[in-house]
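A quick note: this is a predicted structure, and the numbers were derived from the prediction, not measured.
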Amino acid sequence: MSDKISVTLPDGGVREYPVGTTSAQVARDLGPGLYRDALAAKVDGELVDLNAPLPSHSEVEILTFASEEGRRVYRHSTSHILAQAVKHLYPQAKFAIGPAIENGFYYDFEVPENFTPQDLEQIEKEMLKIIQADYPFLREEVGRKEALEYFARLGEQYKVELIEDLPPDTTVTLYRQGDFVDLCAGPHLPSTGKVKAIKLTSVAGAYWRGDERRKMLQRIYGTSFPRQKELDDYLSMLEEAAARDHRKLGRELDLFSIHDEGPGFPFFHAKGMILRNELESFWREVHTQWGYQEIKTPIILRQDLWERSGHWDHYQENMYFTEIDEENYAIKPMNCPGGILVYKNKPHSYRELPLRMAELGLVHRHELSGVLHGLMRVRSFTQDDAHIYMLPEQIKGEIIGVIELTDYLYRIFGFDYHIELSTKPEKAIGSDETWEMATQALREALEEKGLEYRVNEGDGAFYGPKIDFHLQDCLGRTWQCGTIQLDFQMPALFELEYTGADGEKHRPIMIHRTCLGSIERFIGILIEHYAGAFPSWLAPVQVEVLPITDRHLSYSRQLAEKLRAVGVRVEVDDRNEKVGYKIREAQMAKIPYMLIIGDRELKEGTVSVRGRSEGDMGAMSFSRFQERIRTEIAEKAFN
RNA sequence: GCCGACGUAGCUCAAUUGGCAGAGCAGCUGAUUUGUAAUCAGCAGGUUACCGGUUCGAGUCCGGUCGUCGGCUCCA
């Protein structure tokens with residue numbers, strides 16, 4: 001047996017070390033900077049502690065804060081420091097889980113009294129003491145039985161439950177730092193002193209294992225960084241992001257409002273309607289090009305329709321009901337049953353398929369009061385829905401078509417998105433075979449397009465699996481927008497038919513899909529994405545004309561009239577104010593272009609252009625400006 | 001829905017231990033005719049979210065209701 005081990009580094013280089021060498025020693029060998037920054041190591045693809053001895057042949061990557069994995073180890077270790085601090089201050093606390101999350105970490109505790117924001121300050125101070133003490137994180141392996149006994153003795157029922165869920169033959173690992181021991185797979189930082197800058201950001205209730213039937217624990221959120229400056233930068237970045245919040249911009253730009261009189265039911269103002277109408281007319285144009293027809297179905301329909309569709313059994317708690325002439329009706333939470341009645345209104349031939357019926361449909365859903373969020377999560381919204389009725393052999397092509405259409409639309413706005421595939425939920429209708437077939441079809445379409453996606457087990461609609469498109473808001477929270485749902489069930493429940501080439505009746509297959517998702521949510525995303533500075537084609541006011549004095553008013557109005565005549569949305573600021581004041585207001589309203597009109601422009605027949613982002617662009621002929629703005633609008637340029 | 005925080009003028013925020021509800025911006029009126037991010041002066045603006053309680057006295061303390069914000073998925 002050799003007394004050397006060999007280590008392959010990420011750059012392909014191979015080095016030899018004595019048996020028993022740790023990743024920390026490898027890092028030191030590679031350079032003092034790396035040794036100082038090293039947090040953990042990835043050995044043959046597995047995350048391990050820096051002080052773990054390396055096997056005889058291995059690929060080793062030293063992880064620092066620069067990598068996502070390194071940051072997770074760093075934050076995860078910080079969560080253990082939080083837990084230790086809580087243990088010191090609240091000895092009776094019970095411990096649940098404390099993972100790293102994007103940009104930070106949390107830890108769930110059961111405590112007799114809920115934490116207050118003041119408590120967080122005390123806990124933070126205690127954490128600093130633990131960091132100061134620089135306790136090493138020590139890994140221990142124990143048998144499952146031993147671990148169970150240990151945590152049972154301490155009354156840590158959550159840890160006991162976690163261990164009970166591990167496979168029977170597992171070796172359980174514990175991590176010890178000073179007087180605190182926690183169940184943990186690791187890895188961890190070498191010692192608590194590696195953590196430099198910490199901040200506990202909030203406290204919230206969270207159900208044990210995310211299950212609302214189980215006990216609600218107290219969750220403390222926090223984050224940590226290797227340098228105070230990075231923490232400060234992160235916190236000020238959050239503050240800046242809040243300035244993009246669509247709820248704030250929606251009020252400031254007079255786009256929409258939400259009132260106590262209708263929680264979750266947004267009001268669109270004149271400027272918001274311009275944005276919305278532009279969006280919808282673009283949507284119509286594109287859908288016509290992509291072979292869709294448009295329909296409109298009623299908002300209120302009889303309850304028996306919803307009993308037949310399965311919504312009564314599977315979606316009732318999200319629905320609103322009403323009564324008309326002593327008959328029971330429901331307010332639609334989805335557009336499909338109404339759309340299906342249109343399909344059933346006359347017989348169909350296979351020659352018509354795929355039949356793509358789109359609808360900007362207003363739906364109402366009873367969402368829990370605690371989840372409402374500006375335009376992002378509301379109780380009434382307009383889906384850019386469509387139902388595609390098709391032959392079995394058209395499935396993949398149609399799914400790919402919707403994926404391409406969605407991608408085309410998102411690109412216009414410059415959005416990044418990610419895709420999720422959701423499979424059969426507990427409350428579902430239809431056989432496992434049709435679900436498997438449908439899920440497989442979605443998977444194949446994604447793979448044929450070479451798209452990356454995440455699988456969400458059990459998160460599908462009750463009638464079929466779905467592909468979801470998720471977009472991000474200003475704080476990085478993601479919202480589902482587009483969705484493609486493949487459905488074998490509704491056609492059966494409603495006995496949909498078409499006549500095939502063989503003259504026999506056959507059952508079509510359905511796709512339910514949205515691209516933008518909900519118009520409301522999409523506008524919320526748009527506002528945050530552009531920080532309210534919409535590209536000219538969407539901007540409620542595209543040009544503001546600013547006459548310097550009264551004697552420039554008439555020329556200003558003429559220019560505005562000319563622009564209006566070619567479809568440009570223009571306003572004249574005819575108030576008796578200094579030009580600096582008018583510029584400031586137009587700038588704050590994020591209007592793409594300002595035209596400053598004074599004696600010089602009057603005399604020379606020009607306009608002085610000020611761009612929202614460019615600043616003073618100097619004088620140009622009016623016709624040149626007009627051409628420029630028209631082109632920009634027509635091309636939907638980003639500006 | 002649950003946990004926590006919060007709710008004062010259209011907006012942003014003040015108001016000592018419970019002691020006369022204020023400011024800036026926006027609005028209105030007047031003056032000013034102005035050249036690239038705020039001209040000056042005056043006026044008006046409130047059932048302190050709502051309901052109830054404690055108190056000589058409540059924006060402030062207590063209870064309830066409504067609403068807003070953050071969280072309740074990312075699995076030792």
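Between A:Phe137 and A:Tyr175, the distance separating the two ring centers is not shorter than 6.0 angstrom. The aromatic ring centroids of A:Phe321 and A:Trp312 lie less than 6.0 Å from each other. Taking the six-membered ring for Trp and the full ring otherwise, the centers of A:Phe267 and A:His259 sit less than 6.0 Å from each other. Proximity of the aromatic rings of A:Phe225 and A:Tyr74 is defined here by a centroid distance below 6.0 angstrom, and this criterion is not met. For an aromatic pair to be called close, the ring centres must be under 6.0 Å apart, and A:Tyr453 with A:Phe469 fails this.
Taking atom CZ of A:Arg584 as the reference point, atom P of B:A37 lies 10 Å away to the nearest angstrom. Atom CZ in A:Phe265 sits about 15 Å away from atom C1' in B:C66, given to the nearest Å. Following rounding to the nearest Å, A:Arg247 (CZ) and B:C11 (C1') show an atom-to-atom distance of 17 Å. Rounded to whole Å, the distance from CZ on A:Phe95 to P on B:A76 is 16 Å. The CG-P distance, from A:Asp49 to B:A76, rounds to 15 Å in whole Å. Nucleotide B:A76 holds its P atom 19 Å from the CD atom of A:Glu140, rounded to whole Å. Going from atom CG of A:Asp182 over to atom C1' of B:A76 covers 7 Å, rounded to whole Å. Regarding A:Asn103, its CG atom lies at a distance of 18 Å from the P atom of B:U73, rounded to whole Å.
Taking only side-chain atoms of A:Asp616, from C-beta outward, the nucleotide of B:G70, B:C2, B:U36 with the closest atom is B:U36. Distance from the side chain of A:Leu162 is smallest to B:A76 among B:U68, B:C72, B:A76. When distances run from any side-chain atom of A:Val371 to the nucleotides B:A76, B:G27, B:C72, the shortest one goes to B:C72. Residue A:Pro99 places its side chain closer to B:C75 than to any other of B:U33, B:G1, B:C75. Comparing atom distances between the A:Met588 side chain and each of B:A37, B:G71, B:A76 picks out B:A37 as nearest. Distances were taken from every side-chain heavy atom of A:Gln218 (C-beta onward) to each of B:C3, B:A37, B:G67; the shortest belongs to B:C3. For A:Val579, the listed nucleotide lying nearest its side chain is B:G35; candidates were B:G1, B:C2, B:G35. For A:Arg72, the side-chain atoms get nearest to B:C75 when compared with the rest of B:C75, B:G4, B:G35. Here the nucleotide nearest the side chain of A:Lys578, chosen from B:G70, B:C2, B:U39, is B:U39. Candidate nucleotides B:G35, B:A37, B:C3 were compared by shortest atom distance to the side chain of A:Ser608, and B:G35 ranks first.
Within 4.0 Å of A:Gly580, counting heavy atoms only, lie sugar-phosphate atoms of the nucleic acid but no base atom. Counting non-hydrogen atoms under 4.0 angstrom, A:Phe115 reaches nothing in the nucleic acid. Among the atoms of the strands shown, none is found under 4.0 Å from any heavy atom of A:Thr116. Using a 4.0 Å heavy-atom distance criterion, A:Asn114 is classed as a sugar-phosphate-only contact. The residue A:Ile596 sits close to a base: some heavy atom pair falls under 4.0 Å. At a threshold of 4.0 angstrom between heavy atoms, the contacts of A:Asp550 include nucleobase atoms, whether or not backbone atoms are also involved. Contacts of A:Ala206 with the nucleic acid, taken as non-hydrogen atoms under 4.0 Å apart, involve only primed sugar atoms and P, OP1 or OP2. Heavy atoms of A:His259 sit nowhere under 4.0 angstrom from any nucleic acid atom. Heavy atoms of A:Asp599 sit under 4.0 angstrom from at least one base atom. Among the atoms of the strands shown, base atoms are found under 4.0 Å from some heavy atom of A:Arg600. Residue A:Ala147 is classed as having no contact, given no heavy-atom separation below 4.0 Å to the nucleic acid. Across all strands, A:Glu577 comes closer than 4.0 Å to base atoms (heavy-atom distances). Counting non-hydrogen atoms under 4.0 angstrom, A:Tyr175 reaches nothing in the nucleic acid. Across all strands, A:Arg214 comes closer than 4.0 Å to no nucleic acid atom at all (heavy-atom distances).
Side-chain N/O atoms of A:Tyr581 include none lying less than 4.0 angstrom from OP1 or OP2 on B:U33. Side-chain nitrogen and oxygen atoms of A:Arg219 include none within less than 4.0 Å of the OP1 or OP2 phosphate oxygen of B:G4. Applying the 4.0 Å criterion to OP1 and OP2 of B:C74, one finds that A:Tyr106 has a side-chain N or O inside that range. Of the side-chain N and O atoms in A:Arg575, none sit less than 4.0 angstrom from OP1 or OP2 of B:U33. Within the structure, every side-chain polar atom (N or O) of A:Ser202 is placed at least 4.0 Å from both OP1 and OP2 of B:G70. Applying the 4.0 Å criterion to OP1 and OP2 of B:A76, one finds that A:His80 has every side-chain N and O outside that range.
Taking the P atom of each, B:A26 and B:G53 are spaced 42 Å apart, rounded to whole Å. Taking atom P in both B:G4 and B:G10, one finds a spacing of 31 Å when rounded to whole Å. B:U36 and B:C43 are spaced 32 Å apart, taking the C1' atom of each and rounding to whole Å. A distance of about 8 Å separates the C1' atoms of B:C61 and B:G18, rounded to the whole Å. Taking atom P in both B:A58 and B:A38, one finds a spacing of 46 Å when rounded to whole Å. Taking atom C1' in both B:U48 and B:A9, the straight-line distance is 10 Å, to the nearest Å. Between B:G59 and B:G19, the two P atoms lie 10 Å apart (nearest whole Å).
Between the side chain of A:Asp49 and the main chain of A:Asn51, no donor-acceptor pair closer than 3.5 Å is present. Checking side-chain atoms of A:Glu140 against main-chain N and O of A:Thr173 turns up no donor-acceptor pair under 3.5 Å.
Residue order along RNA chain B, read from the 5' end via each residue's closest nucleotide, puts A:Val609 first among A:Ala204 and A:Val609. With the nearest nucleotide of RNA chain B identified for both A:Gln587 and A:His366, A:His366 has the one nearer the 5' end.
Between A:Tyr530 and A:Phe534, the angle of the ring planes goes over 60°, which puts this pair in the perpendicular group of the 30/60° scheme. Under the 30°/60° scheme for interplanar angles, the aromatic rings of A:Phe256 and A:Phe268 are found to be tilted. The aromatic rings of A:Phe625 and A:Tyr593 sit perpendicular to each other, their planes meeting at more than 60°, with 30° as the lower class boundary.
Taking only distance into account, the side chain of A:Tyr207 never meets the base of B:G71 through a donor-acceptor pair shorter than 3.5 Å. On a pure distance criterion of 3.5 Å, a polar donor-acceptor pair joins the side chain of A:Glu601 and the base of B:G35.
With a cut-off of 3.5 Å on both pairing distances, the Watson-Crick and G-U wobble pairs of RNA chain B assemble into stems of 3 or more at B:1-7 with B:66-72, B:10-13 with B:22-25, B:27-31 with B:39-43, B:49-53 with B:61-65.
Atom CD of A:Glu46 is surrounded by 12 or fewer heavy atoms from other residues, nucleotides or ligands within 6.0 Å.
With A:Tyr106 as the aromatic partner, A:Arg219 meets the cation-pi criteria of under 6.0 angstrom to the ring centre and within 45 degrees of the ring axis.
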